[in-house]
Amino acid sequence: MGQHYNPGLMTDGSRDELERRSRHDPAAVEPALFQRWESAGLFDADPKSPKPPFVIAVPPPNVTGELHMGHALNGAIQDALIRLRKMQGYETLWICGTDHAGIATQNVIEKELRKEGLTRYDLGREAFVERVWEWCRQYGAAIIQQYKRLGCSLDYSHERFTMDPEYQRAVTEVFVSLYRKGLLYRDNRIVNWCPSCASAISDLEVQHQEETDVLFEVRYPVKDSDEVLTVATVRPETILADTAVAVHPDDLRYLHLVGKTAIVPIVNREVPIIADDYVKPEFGSGAVKITPGHDPNDFEIGRRHGLPELTVIGFDGRMNDEAGEFAGLTVEEARRRVVERLRELGLLVAEKPYVHEVGHCDRSGDRIEPLISLQWFCEMRPLAEPAVEAVRSGRVRFHPKSQENTYFNWMEQYRPWCVSRQLWWGHQIPVWYCPNGHVTVDTTEPERCAECGSTELERDPDVLDTWFSSALWPFATLGWPEPNERLERFYPGHVLSTAREIINLWVSRMIMMGLEFQGEVPFEDVIIHSIIQAADGRRMSKSLGTGINPLELVDEYGADATRYGLLKMSSTQDVRFSDGMIDEGQRLANKLWNASRLVLLKGDTTVAPAPGTAALEDRWVASRVAGATDEIVRLINRYDFAGAVKALYAFIWNDVCDVYVEAAKARLYGEDEKERREASATLLWVLERMLAVAHPVMPFITEEIWGFMPGERDLLMATPFPSIEGVQRDPQLERRAEEAMAAISEARRLAGEGQEVEVTIPPGFLFRSLLEKEKRVQVVESPDAAVPIVAAQADRATLEARLTVVRSELQRARGKLSNDGFLSRAPAELIDAEREKASRFEAEAADLESRLSA
RNA sequence: GGGCGGUUAGCUCAGCUGGUAGAGCACCUGCUUUACACGCAGGGGGUCGCAGGUUCGAGCCCUGCACCGCCCACCA
């Protein structure tokens, strides 16, 4: 830190470079600037630093991932925060790393194998896992390099991976601890089975999509009777696994049948007719077939009524031996054949199109097959309750706050979390079984069974849900469970920024695990940023071809412009991508570059940067610097990045460049040496401030220009954020400036129409030099004038048109002032303003009338 | 089915605790001004989704409706 790279006053080399480049060229300089920061060690956090810590843990991207728009936006947000806090004097740490992403990564490698004509079973578990590691070492974490291109100040020297040995230790520790508390248990339950992943997945990994299926109505004969029950199903193949027919207990139509026996078609199984509240009498015929083995609802009913749980569909998505003549068929084939048979038997009553929501695996897109299997579950209630409380009490705050509903909605259901996955890539469950059916759970591999001492132990082959390990991210990345100073210093963190789709999947679980294992919430503020859609409003996705690669934007516009544009787009819930925003960023960067060229090439760079106190315009710009700095920091503190970026733009472009710099030119190019020095000093000071305030958003160009500034300086990234204490704010002066600018605009408009304009300015008019530049504008200073007065030599038609406008304005103001309600309830200032308006219009109308009659 | 959010200028979006609608882009008209044409100055363009209500006053508050998006959800 504190590395000086600028030898002193601006060198001739810098001068030449500034003169040569009237356009800023980001691609040429950004990588080198990044290098400077990196070699100066500015990304490392020092646990021994006396500064207060500020910590963000990056949502770890998938190790196989590529930087997409969401990453880029989130990177821009987090980096703006980290850089601002660093400049504000915090010891900042932006935790860096990647996620092993069990299913997703395993799928990538399996796909590779398939190209070689192999499956993972050909390799065997050990070799397969080694192959995944090999892949990760060779191609993995490319995304981390891409974050560098964006300029993100992550702590690259402590990059973590959720499969690191230390991280694995943390996961094991957590598993064992939760098991010993009785929160993890193994059970045979119905789970969401993804046939192509060949694994169970949790409820949250199921995506519901609307699909049109056929609803079949099928007759089930009632034994020893002429009656039949008609049931409806979209999955006729599961008829083979039916173990009951259910009706509602209050349904008078079927009351007499409850307790009797129905005959399942095709298999001719005799099953009980039961009564259960779950059945909706108004749906279809009011009778339901019950298949505990293949439907989550039926499973619950089955457990309530002690029904057998038959399974006809296997884990491979094909019909198993229980399906008799249908064994070996795929589900779809079986469905067709079963329907055929029903038709032959004359038991098929109807086939209707039926639109409903169907679960799909969020990784493979396959339709979920609900199947009964032996899995590990996590009991949520004891973990979720304190986590809910943490948000209710405000220890964790969501931004925007409305997103807390998403969190509460899910959390308060306390549904068991299926944590085991039938994969090979991931954290293998630390559980060993002996032949006597005993279970040994330990952080290290046991030599013998904890109960019977048997040495014939077999480890549970399953791995844990990826989200189980990422739930530990905020502290496992800091070396937990090993006590150490980084953990001590940098937990808990402060901010988490992510998209809303993983609030329940990830954010909620980090809060739970943080509270459970550290006793403290992992962060205080959760920023839920917008999702950037494609320009046509569709989801940005590779497969739809609607994706835009942020790295291409960086190449084309530069990282600064891209970051600016993304932050500008980050405001609302969902935004459509518009390259206009990035364009705006590019233009702003260029503006900054050229304004700097003016200050550094045309000004006197031997003077010390300082705001002038003599000239009104210098005092005004100082006031604006203080105001804008304050406003921008305030907006970032509220996580309103779009607002902050907008304020930054207005400050740089309008206040500084359009108004101040233009006005200062008169002194800069004038004869008076003293004025020239004063203007230069103020310009340098403004530039310095402007660069610092813009740095969190546009780190590269600000750092580059900083390098051209005279004097010995640290890198801008390591420079303290400029304090506005001691900088005079002057609201009255700012108001007068607005008034002056309005008068100038008016004069310009009239002069533009070809009229001769006379502007009477009061003493202390701010931007006289701007007026004096204008053609056809005559400036008259009058000690009597209270406000600038713009008068023009106008033709009759112009005067008449203006009179019409003024009269209607006057009428409106008068109407308001004669409204009792307004006078009695409106605030006093408003009424005063209205009175003032009325009298001004009155005077103008009189003036116009007299000129017209003359 | 439940919840959340959106509907403001041709486009992308701002609009704080209710006080006569804003920005950028695009468009039109002038500027070969010595930082910048990725520029400067000026201008046109909106009955703020629809219908009611509260209020002296509503884009902002209330009710209902329509459409869009997202999250959650076990109705065969």
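Proteins get letters first, then strands, A, B, ... in listed order; numbering begins at 1 in each.
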Quick one: pull up OG1 in A/T243 and NE2 in A/H305 and give me the separation to the nearest 0.5 Å. 10.5 Å

Would you mind building the protein contact string for nucleotides 71-76 of chain B? One character per nucleotide, 5' to 3', B for base within reach (heavy atoms under 4.0 Å), S for sugar-phosphate only, - for untouched. SSBBBB

Euclidean distance, A/L204 CG relative to A/W417 CH2, rounded to 0.5 Å: 9.0 Å

Using the P atom as the reference point in each nucleotide, state the distance between B/G5 and B/C75 in Å, no decimals. 24 Å

B/C38 C1' sits how many Å from A/Y649 OH, rounded? 10 Å

Who passes salt bridge (Lys or Arg N to Asp or Glu O under 4.0 Å) against A/R768, sequence neighbours left out? A/E772, A/E781

Pick the P atom in B/C25 and in B/G18, then give their distance to the nearest Å. 32 Å

Considering only atom P, compute the distance from B/C65 to B/G2 and round it to an integer number of Å. 11 Å

Non-neighbouring partners of A/D555 that pass side-chain contact (heavy atoms from CB on, under 4.5 Å), sequence neighbours left out: A/R149

First locate atom NE2 of A/H248, then atom NZ of A/K280, and finally report the distance between them rounded to the nearest 0.5 Å. 9.0 Å

Here the residues of residues 580-591 of chain A within 4.0 Å heavy-atom distance, strictly under, of RNA chain B are A/M581, A/E584, A/Q586, A/R587, A/N590, A/K591

Picking from B/C13, B/C38, B/C40, the nucleotide nearest the side-chain atoms of A/V575 would be B/C13

Span that lies between the P atom of B/A66 and that of B/A9, in whole angstrom: 23 Å

Which whole number of Å gives the distance between the P atom of B/A21 and that of B/A26? 26 Å

P atoms of B/G15 and B/C36, separation to the nearest Å: 36 Å

Do you know which two heavy atoms are closest between A/L73 and A/S570, and how far apart they sit? CD1-CB, 3.7 Å

Go through the structure and list residues passing side-chain contact (heavy atoms from CB on, under 4.5 Å) with A/N594, not counting sequence neighbours. A/S22, A/N590, A/R597

A/W653 side chain near B/C40 phosphate (N/O to OP1/OP2, under 4.0 Å): yes

Between the protein and nucleotides 28-30 of chain B, which nitrogen or oxygen pairs come in under 3.5 angstrom?
none

Taking B/A35, B/G3, B/C56 as options, the one with an atom nearest any side-chain atom of A/N405 is B/G3

Can you name the residues that form a side-chain contact (heavy atoms from CB on, under 4.5 Å) with A/E309, not counting sequence neighbours? A/P292, A/F299, A/R303, A/I372

RNA chain B-proximal residues of residues 768-777 of chain A, any heavy atom under 4.0 Å: none

Choosing from B/G5, B/A35, B/C56, which nucleotide comes nearest the side chain of A/Y669? B/A35

Do the side chains of A/R634 and A/E631 get close enough for a salt bridge, i.e. N-O under 4.0 angstrom? no

Check the distance between B/C11's P and A/M569's CE and give it to me in whole angstrom. 18 Å

Answer yes when A/D277 and A/R304 have at least one side-chain N-carboxylate O distance shorter than 4.0 Å, and no when they do not. no

Quickly work out the A/K602 NZ to B/U33 C1' distance and round it to whole Å. 12 Å

Below 4.0 angstrom, N of the basic side chain to O of the carboxylate: do A/E412 and A/R392 qualify? yes

Can you give the dot-bracket line for RNA chain B, using ( ) for pairs inside the strand, [ ] for pairs that cross earlier ones, | for pairs with another strand and . for unpaired bases, where Watson-Crick and G-U count if both distances are under 3.5 Å? (((((((..((((.....[..)))).(((((.......))))).....(((((..]....))))))))))))....

Just jot down the side-chain contact (heavy atoms from CB on, under 4.5 Å) partners of A/N297, sequence neighbours excluded, or say none. A/Y278, A/D295

Pairs in or reaching into residues 644-658 of chain A: which pass salt bridge (Lys or Arg N to Asp or Glu O under 4.0 Å), with residues at least two apart or in two chains? A/R624-A/D655

Can you give the donor-acceptor pairs under 3.5 Å from side chains of residues 575-584 of chain A to other protein atoms, not counting sequence neighbours?
unit_1, atom_1, unit_2, atom_2, d
A/E584, OE1, A/K568, NZ, 3.3
A/E584, OE2, A/Y564, OH, 2.7
A/E584, OE2, A/K568, NZ, 2.8

